[in-house]
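Some notes on the structure that comes next.
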Amino acid sequence: MSAGLLFVLAAFSPVLMASEARAEFRVCNGTQNLVGVAIGYRAKEGWITEGWWQVPATTCATLIQGELQSRYYYLYAEDAARGGRWTGGVNMCVAENEFKITGVQDCFARGFQRMGFKEYDTGRQGSWMVQLSDTPGTQESHN
């Protein structure tokens with residue numbers, strides 16, 4: 001009896017998990033190269049930038065799990081092989097290796113680099129996805 005119950009649970013668990021709505025900020029890499037991604041956002045302690053997520057070709061990565069807390073998020077990405085960049089007009093701090101930086105002022109004086117991040121207005125959606133591609137500009141969507 002218990003073996004039969006386990007079989008039923010195992011058979012239906014993917015369906016149950018697939019139907020759950022997932023709230024998150026995701027980046028999908030539509031290129032054929034590895035891409036490094038950094039994100040910026042406003043938090044209680046001030047402006048935060050975090051990186052690097054390594055997103056392999058044709059895959060996605062979740063940068064923020066759970067319900068999005070801010071309306072605006074900022075993204076910067078670099079193509080590891082070709083050196084291409086996805087940038088914007090909002091300057092924030094990044095570091096060469098894995099980082100979480102509070103504040104966007106005086107990047108150089110604090111030992112960081114300053115990069116231009118692209119702003120994404122999520123409109124207070126619970127989830128958001130950015131698609132990086134080889135074509136100029138990035139596509140964005142929400143769930």
Side-chain angles (χ1 to χ4, degrees), residues 3 5-143:
L5 181 59
L6 287 176
F7 172 76
V8 170
L9 289 175
F12 288 105
S13 62
V15 174
L16 295 173
M17 289 193 291
S19 66
E20 292 178 25
R22 293 177 51 172
E24 58 194 13
F25 192 103
R26 290 172 56 85
V27 173
C28 293
N29 177 5
T31 75
Q32 296 302 309
N33 299 317
L34 176 68
V35 172
V37 179
I39 192 168
Y41 54 91
R42 186 100 168 133
K44 291 177 188 166
E45 58 271 23
W47 288 103
I48 304 289
T49 52
E50 292 185 70
W52 294 101
W53 281 267
Q54 302 299 311
V55 186
T58 67
T59 65
C60 298
T62 299
L63 278 53
I64 297 175
Q65 291 185 329
E67 200 74 22
L68 299 181
Q69 300 300 308
S70 297
R71 177 174 175 174
Y72 297 97
Y73 288 88
Y74 303 84
L75 204 68
Y76 172 81
E78 292 183 356
D79 182 316
R82 295 185 309 182
R85 296 180 177 173
W86 291 265
T87 65
V90 179
N91 288 325
M92 296 184 159
C93 303
V94 299
E96 200 164 312
N97 297 311
E98 186 177 327
F99 66 91
K100 182 173 183 178
I101 302 169
T102 302
V104 295
Q105 302 300 325
D106 304 317
C107 296
F108 299 121
R110 296 190 294 147
F112 304 121
Q113 299 168 340
R114 186 177 69 196
M115 295 295 177
F117 282 60
K118 180 173 175 158
E119 180 180 84
Y120 290 92
D121 181 353
T122 67
R124 295 272 181 211
Q125 295 290 322
S127 292
W128 198 262
M129 191 213 32
V130 175
Q131 176 72 42
L132 302 176
S133 68
D134 287 323
T135 57
T138 56
Q139 295 79 40
E140 54 194 84
S141 67
H142 60 275
N143 311 20

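Fair warning: this is a prediction, and the values are worked out from it, not measured in the lab.
Interatomic distance, CG of L75 versus CE of M92, reported as 10.5 Å (0.5 Å rounding).
For R82, the salt bridge (Lys or Arg N to Asp or Glu O under 4.0 Å) partners two or more places apart in sequence, or in a different chain, are D79, D134. Looking at residues two or more places apart in sequence or on another chain, you find no salt bridge (Lys or Arg N to Asp or Glu O under 4.0 Å) involving R42.
Residue pairs meeting the side-chain hydrogen bond (donor to acceptor under 3.5 Å, both in side chains) criterion with at least one member in residues 69-78, sequence neighbours excluded, are R71-D121, Y74-E119, Y76-E78, Y76-R85. Residue pairs meeting the disulfide bond (SG atoms under 2.5 Å apart) criterion with at least one member in residues 43-74, sequence neighbours excluded: C28-C60.
The neighbour count for E98 CD, taken as heavy atoms of other residues, nucleotides or ligands under 6.0 Å away, does not exceed 12.
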Between side-chain atoms of residues 105-115 and protein atoms elsewhere (two or more places apart, or another chain), which donor-acceptor pairs fall under 3.5 Å?
| from | atom 1 | to | atom 2 | distance (Å) |
| --- | --- | --- | --- | --- |
| R110 | NE | Q105 | O | 3.1 |
| R110 | NH1 | T102 | O | 2.9 |
| R110 | NH2 | G103 | O | 3.0 |
| R110 | NH2 | Q105 | O | 3.2 |

Atom pairs and distances, donor-acceptor, side-chain atoms in residues 46-59, under 3.5 Å, two or more places apart:
| from | atom 1 | to | atom 2 | distance (Å) |
| --- | --- | --- | --- | --- |
| T49 | OG1 | C93 | O | 2.7 |
| E50 | OE2 | Y41 | OH | 2.4 |
| W52 | NE1 | A95 | O | 2.8 |
| W52 | NE1 | E96 | O | 3.4 |
| T59 | OG1 | P56 | O | 2.7 |

Step by step, would you call N29 with T31 a side chain to side chain donor-acceptor pair (under 3.5 Å)?
CA-CA 6 Å; N29 177 5; T31 75; 2.6 Å; yes

Could you walk me through whether V94 and F117 satisfy the side chain to side chain contact (heavy atoms under 4.5 Å, CB included) test, starting with their C-alpha distance in whole Å, then the side-chain angles of each, then the deciding distance to 0.1 Å, before giving a yes or no?
CA-CA 10 Å; V94 299; F117 282 60; 3.6 Å; yes

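Using a distance-only test at 3.5 Å, with no hydrogens or angles considered, a donor-acceptor pair links the side chain of S127 to the main chain of E24.
Counting only heavy atoms from C-beta outward, the side chains of F25 and I39 approach each other to under 4.5 Å.
For the residue pair A77 and L132, the shortest heavy atom distance occurs at CB-CD1, 3.8 Å.
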